[in-house]
J.: 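A single structure is presented below for examination.
The model shown is predicted, which means the values in this text are computed figures rather than measured ones. Lettering of chains follows the sequences in order, A, B, ..., and the numbering in each one begins at 1.
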2 protein chains.
Amino acid sequence: MASAMPLPAATLTITEVAERTGLSRDTLRYYEKAGLIDAVGRSASGRRRYAAADLDWIDFALRLRDTGMSIADMQRFAELRRGGDSTTAERLAMLREHRAALTRRIRDLEANGRALDDKIDHYEGLLEDS
Amino acid sequence: MASAMPLPAATLTITEVAERTGLSRDTLRYYEKAGLIDAVGRSASGRRRYAAADLDWIDFALRLRDTGMSIADMQRFAELRRGGDSTTAERLAMLREHRAALTRRIRDLEANGRALDDKIDHYEGLLEDS
DNA sequence: GTTTGCGGTGGAGTGCACTCCAACTTCTAG
DNA sequence: CTAGAAGTTGGAGTGCACTCCACCGCAAAC
């Protein structure tokens, strides 16, 4: 059955991608419209057909999002990606900066976690005395 | 000059609290209006006078906020506080749950951080070969 | 072939957490 | 006493990241 087709056999519909990523179909379309996901391949009738490369990029973009990168910055990164090899250094710089911010964020969260633990200890003490 | 005044000597104006906490004056008023900060003492002419206890609570509320607690949940916690000792167990339960969520969040961020590191390594490899 | 339903588009609407504004009062410095 | 800075309130406006809607075309199942 394998033959020379325009699309590389295994592509997913928007609903399948939504299920795999946890994003809604609307959000997938919104991301694409925003230039955050490169234009996805279409079937003859104009329906989105997500390829493996699309899924890899979406997964990575979600890591950026989940670590607090704004849509605007993700757009910037996606734009650099479309710019090809000449933008590698700039993309690396963005990632390094984002990584550093993430490290600081984790450190702050851990400090706040310790303060929370103290407060929890305090409340536990109150309950024992009652 | 020390005398028997209704307010315990050392109180701060809204601008001073804004400077100390990094919140804007508008945000401090918004939090109070939302019931997130208990009604703050007022001067004879109706101006807010923040006492030490107010500052302590604001500091703690900011830790809740910075660790991702919603305004709605912070309102709930503040309401329990106003409910007095009988709400201690419920407040403790909220804090424990929030702490558990924070632990999960930190774990996820660390995993994403490792993925970011891998991506950064990849980009560094690309740059060396050029 | 028609019903059911998935997918497309453009654009409007939502929820959250602020942020700004207008109109007014009060405090402080000169 | 007066100018200007700082404070008050209620309510409107903002930015972000979605989320929903109406209406249309195409597809798949019966």
J.: Counting only side-chain nitrogens and oxygens, does A:Tyr31 get under 4.0 Å of the OP1 or OP2 atom of D:dA17?
T.: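 So the side chain of A:Tyr31 is outside the cut-off, no N or O lying under 4.0 Å from OP1 or OP2 of D:dA17.
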J.: Output the rounded distance in Å from CD (A:Glu19) to P (C:dC6).
T.: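 Rounding to the nearest Å, CD of A:Glu19 and P of C:dC6 are 10 Å apart.
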J.: Between D:dA17, D:dG10, D:dG7, spot the one nearest the side chain of B:Lys33, thanks.
T.: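 Of all the options, the side chain of B:Lys33 is nearest to D:dG10.
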J.: May I ask you to decide whether B:Glu110 forms a salt bridge with B:Arg107, counting only side-chain N to carboxylate O separations under 4.0 Å?
T.: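 Here B:Glu110 does not pair with B:Arg107 in a salt bridge, since their nearest N and O are not under 4.0 Å apart.
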J.: Should B:Thr13 be listed as having a side-chain N or O under 4.0 Å from OP1 or OP2 of D:dG7?
T.: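 Checking D:dG7 against B:Thr13, a side-chain N or O does come within under 4.0 Å of OP1 or OP2.
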J.: Is a side-chain donor-acceptor pair under 3.5 Å present for A:Thr15 with A:Thr13?
T.: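 No, because no side-chain N or O of A:Thr13 sits under 3.5 Å from a partner of the opposite role on A:Thr15.
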J.: Does B:Tyr30 place a side-chain N or O at less than 4.0 Å from the phosphate oxygens OP1/OP2 of C:dC20?
T.: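 For C:dC20, neither OP1 nor OP2 has a side-chain N or O of B:Tyr30 closer than 4.0 Å.
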J.: Are any of the side-chain nitrogens in B:Asp117 or B:Arg114 under 4.0 Å away from the carboxylate oxygens of its partner?
T.: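 B:Arg114 and B:Asp117: not salt-bridged.
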J.: Tell me whether the side-chain N/O atoms of A:Thr27 come closer than 4.0 Å to OP1 or OP2 in D:dT19.
T.: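 It does, given that an N or O in the side chain of A:Thr27 lies less than 4.0 Å from OP1 or OP2 of D:dT19.
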J.: Parallel under 30°, tilted from 30 to 60°, perpendicular over 60°: which one fits the rings of A:Tyr123 and B:Phe77?
T.: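 Geometry flag for B:Phe77 against A:Tyr123: perpendicular rings.
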J.: So, OP1 or OP2 of D:dT9: does either fall under 4.0 Å of a side-chain N or O from B:Arg42?
T.: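 Yes, B:Arg42 has a side-chain N/O under 4.0 Å of OP1/OP2 on D:dT9.
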J.: Salt bridge check, B:Glu97 against B:Arg76: does any charged N sit closer than 4.0 Å to a carboxylate O?
T.: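 The answer is no: the pair does not qualify as a salt bridge.
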J.: Has A:Ser70 got a side-chain atom pairing as donor or acceptor with A:Asp73's backbone, closer than 3.5 angstrom?
T.: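 Yes: the side chain of A:Ser70 pairs with the backbone of A:Asp73.
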J.: May I have the distance from A:Leu28 (atom CG) to D:dT19 (atom C1'), rounded to whole angstrom?
T.: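 Whole-Å distance recorded here is 13 Å.
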J.: How many whole angstroms separate atom CG of B:Leu23 from atom P of C:dC20?
T.: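 It works out to 14 Å between those atoms.
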J.: Check every atom of C:dA17, D:dG7, D:dC18 against the side chain of A:Ile71 and return the nucleotide holding the closest atom.
T.: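 Between C:dA17, D:dG7, D:dC18, the one nearest the side chain of A:Ile71 would be D:dC18.
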J.: Quick one: does B:Arg20's side chain have a donor or acceptor within less than 3.5 Å of a partner on B:Leu12's backbone?
T.: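 No: the side chain of B:Arg20 does not pair with the backbone of B:Leu12.
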J.: If you assign each of A:Arg48 and B:Met69 to its closest nucleotide in DNA chain C, which residue comes earlier from the 5' end?
T.: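 It is A:Arg48, whose closest nucleotide lies nearer the 5' terminus.
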J.: Strictly under 4.0 angstrom, non-hydrogen atoms only: write out the protein contact profile of nucleotides 23-30 of chain D, one letter per nucleotide from the 5' end, B, S or -.
T.: --BBS---
J.: A:Ile14 side chain: which of D:dA6, C:dG7, D:dG11 is closest?
T.: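 For A:Ile14, the side-chain atoms sit closest to C:dG7.
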J.: Mind calculating the distance between CE (B:Met74) and P (C:dC16) to the nearest angstrom?
T.: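 Result: 14 Å.
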J.: Look at A:Arg29 and C:dG8 and indicate whether a side-chain polar atom (N or O) is within less than 4.0 Å of OP1 or OP2.
T.: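 Yes, A:Arg29 has a side-chain N/O under 4.0 Å of OP1/OP2 on C:dG8.
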J.: Roughly how many Å is it from CZ in A:Arg25 to C1' in C:dC6, rounded to a whole number?
T.: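 It is 8 Å, rounded to the nearest whole Å.
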J.: Going through the distances and angles, do A:Leu95 and A:Arg91 end up as a side chain to side chain contact (heavy atoms under 4.5 Å, CB included)?
T.: CA-CA 6 Å; A:Leu95 290 184; A:Arg91 277 183 272 165; 5.6 Å; no
J.: What nucleotide among C:dC18, C:dA17, D:dC18 has an atom nearest to a side-chain atom of A:Arg65?
T.: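 Per side-chain heavy atoms of A:Arg65, the pick is D:dC18.
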J.: Between A:Ser24 and B:Glu32, which has a closest nucleotide on DNA chain D that is more 5'?
T.: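 Residue closer to the 5' terminus by nearest nucleotide: B:Glu32.
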J.: Roughly, in whole Å, what's the span from CZ in A:Arg49 to P in C:dC6?
T.: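 My rounded result for the distance is 13 Å.
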